Amino acid sequence: MATLILLLQLLILLIPSSLPQNLHPTDLTALLSIKATLTDLSPTNPFFSTWNLTAPDPCSSFAGLTCTLHRVTALSLGGPSFPLAGTLSPSLSLLTDLTQLLLSPGLVTGPIPLQLAQLTNLRVLSLPSNRLTGPIPTALSALRRLHTLDLSCNQLSGSVPPTLTDLPQLKILILASNSLSGTLPKTVNSPLLHLDLKDNKITGPLPLSLPSSLRYLSLSQNLMWGPLPNGLQLLSELAFLDLSMNRFSGPMPAQLFSLPALSNIFLQRNNLSGGLGSGPRTGPVPGSIVDLSHNSLSGELSSVLEGVESLFLNNNRFSGEVPEAYVKSVWRGSTRLLYLQHNYLTGIPLREGVVLPDAASLCVSYNCMVPPPAVVMTCPASAGGVVTRPAAQCSVFSHYGG
């Protein structure tokens with residue numbers, strides 16, 4: 001690599017003075033080295049067709065380039081119609097004024113260069129949807145000005161560097177859909193707004209302390225376990241929470257459903273137990289979704305989730321009668337989907353023959369009751385063909401308290 005850079009620098013010195021002089025020679029050397037390790041996958045409209053050494057003004061003619069005072073400050077490699085293959089060159093580190101480095105989806109392979117840690121002005125590092133391998137370099141923790149880090153949809157492995165979540169200006173961290181493993185740090189100190197680590201192989205419990213600024217949290221499709229920390233109910237800005245398809249157990253934090261901004265909650269397919277709890281709600285929220293299905297939640301249903309637009313409580317151990325508030329919410333159109341199938345519910349205050357709104361889906365099949373026909377007709381195919389749970393199961397459940 002050092003030999004290649006030396007040759008490129010010599011080539012630049014040999015070209016006529018009328019050729020690109022507005023760009024710093026070091027930056028031009030770096031760009032040519034970067035181009036040498038990448039390949040266009042679009043033969044009809046290649047991304048690098050504008051990267052011509054004889055161009056009088058690379059800052060205005062090179063695709064994906066933004067310059068300030070003769071230095072490259074933003075570099076966007078590839079695009080929706082310009083996929084790239086190859087590897088990332090360590091020469092990227094020569095672009096010392098770089099604040100944004102973006103790589104569009106493509107087939108770029110190999111490791112993330114350790115030398116990127118030398119880009120101390122970097123604010124945005126986005127390398128998603130390629131085939132990058134190896135660990136996330138711990139050295140990236142040296143990027144103290146980093147605001148956004150997106151390495152999603154690659155083939156990265158190893159653990160999340162604990163010092164990464166200590167970066168003082170990091171607001172967006174997206175590492176989803178890789179093969180990351182290990183545990184998360186107990187405390188996340190970065191002032192994150194968006195944390196997405198879904199679809200990895202991360203184990204262990206949730207961090208005990210998360211930033212109060214957090215608005216989006218997704219850790220679904222991992223191997224995480226343990227209780228849900230009470231600290232979740234202190235995240236007053238949280239709007240989206242997805243911890244589904246893990247191994248979390250124990251009760252849900254008592255005031256989780258009272259968070260004022262939280263409108264999307266996905267906790268399905270865990271081992272959660274206990275009841276729904278109670279607490280004030282802010283009223284119906286258009287587009288809200290709560291999915292608590294496929295857990296071991298039990299007890300009588302409270303009305304804490306009244307007005308949620310799509311509510312999945314199926315495949316749990318709930319008992320007693322469906323609250324009238326839920327039925328009225330469906331009838332009014334505030335709740336468009338209410339799935340209660342595969343529980344131990346004993347009744348629903350819905351008169352036979354009542355016609356539900358056309359857009360409504362209400363299912364209570366496979367419970368300890370005979371559901372009204374209007375309810376049976378709106379069940380999904382996954383509910384199965386058996387309308388009522390066998391009486392023997394209901395009797396045993398009732399006798400032994402679930």
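None of the values given here were measured: they were computed from a predicted structure.
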Nearest 0.5 Å please: distance from the [atom1] atom of [X] over to the [atom2] atom of [Y].
| X | Y | atom1 | atom2 | answer |
| --- | --- | --- | --- | --- |
| E300 | T346 | CD | OG1 | 7.5 Å |
| H194 | K171 | NE2 | NZ | 14.0 Å |
| L311 | D291 | CG | CG | 8.5 Å |
| L362 | L340 | CG | CG | 6.5 Å |
| L214 | L234 | CG | CG | 12.5 Å |
| N295 | N315 | CG | CG | 10.0 Å |

Got [X] and [Y] here, is their nearest side-chain heavy-atom distance under 4.5 Å?
| X | Y | answer |
| --- | --- | --- |
| L175 | L156 | no |
| H147 | L122 | no |
| S152 | P128 | yes |
| T165 | L167 | no |

_Pair S329-T335, side chain to side chain donor-acceptor pair (under 3.5 Å): steps then yes or no_ = CA-CA 5 Å; S329 186; T335 296; 2.7 Å; yes
*Looking at residues at least two apart in the chain, or sitting in another chain, which of them share a side chain to side chain contact (heavy atoms under 4.5 Å, CB included) with T388?*
V370, P371
Will you find, in the side chains of [X] and [Y], an N or O donor that is under 3.5 Å from an N or O acceptor?
| X | Y | answer |
| --- | --- | --- |
| N121 | R145 | yes |
| S288 | S263 | no |
| N246 | N222 | no |
| T187 | S209 | no |
| D57 | N22 | yes |
| S249 | N271 | no |

Is there a donor-acceptor pair under 3.5 Å between the side chain of [X] and the backbone N or O of [Y]?
| X | Y | answer |
| --- | --- | --- |
| N52 | S49 | no |
| N270 | F248 | yes |
| S33 | T29 | no |
| N200 | L197 | yes |
| E309 | G287 | yes |
| D196 | A176 | no |
| S179 | Q155 | no |
| H342 | A383 | yes |
| S302 | G277 | yes |
| N367 | N343 | yes |

If you count every heavy atom of other residues, nucleotides or ligands that lies below 6.0 Å from [X] atom [atom1], does the total exceed 12?
| X | atom1 | result |
| --- | --- | --- |
| R389 | CZ | yes |
| E324 | CD | no |
| R123 | CZ | yes |

*Parallel under 30°, tilted from 30 to 60°, perpendicular over 60°: which one fits the rings of F266 and F240?*
tilted
*Using 30° and 60° as the class limits, which term best fits the ring planes of W51 and F48: parallel, tilted or perpendicular?*
perpendicular
*asked:* Assess the residue pair I348 and M369 against the criterion (side-chain contact (heavy atoms from CB on, under 4.5 Å)); give the C-alpha distance rounded to whole Å, side-chain angles, the decisive distance to 0.1 Å, and a yes or no.
replied: CA-CA 9 Å; I348 181 171; M369 61 176 168; 4.2 Å; yes
*Quick one: is the NZ or CZ of R317 closer than 6.0 Å to the six-membered ring centre of F397, and within 45° of its axis?*
no
*Might you work through the side-chain contact (heavy atoms from CB on, under 4.5 Å) test for S61 and T50, ending with a clear yes or no?*
CA-CA 6 Å; S61 61; T50 61; 5.6 Å; no
*For S141 and T163, run side chain to side chain donor-acceptor pair (under 3.5 Å): C-alpha distance rounded to whole Å, both residues' side-chain angles, the deciding distance at 0.1 Å, then the answer.*
CA-CA 6 Å; S141 301; T163 50; 2.6 Å; yes
Donor-acceptor pairs under 3.5 angstrom involving side-chain atoms of residues 94-102: please list them, not counting sequence neighbours.
| from | atom 1 | to | atom 2 | distance (Å) |
| --- | --- | --- | --- | --- |
| T96 | OG1 | R71 | NH2 | 3.2 |
| T99 | OG1 | T73 | O | 2.9 |

_What verdict does the side-chain contact (heavy atoms from CB on, under 4.5 Å) test give for L217 and L238, after you've listed the backbone C-alpha separation in whole Å, the side-chain angles of each residue and the deciding distance to 0.1 Å?_
CA-CA 8 Å; L217 174 60; L238 194 65; 4.1 Å; yes
*Under the salt bridge (Lys or Arg N to Asp or Glu O under 4.0 Å) test, which residues partner E237, sequence neighbours left out?*
none
*After noting the C-alpha distance and the side-chain angles of I172 and D150, does the key distance pass the side-chain contact (heavy atoms from CB on, under 4.5 Å) rule?*
CA-CA 8 Å; I172 299 174; D150 184 357; over 6 Å; no
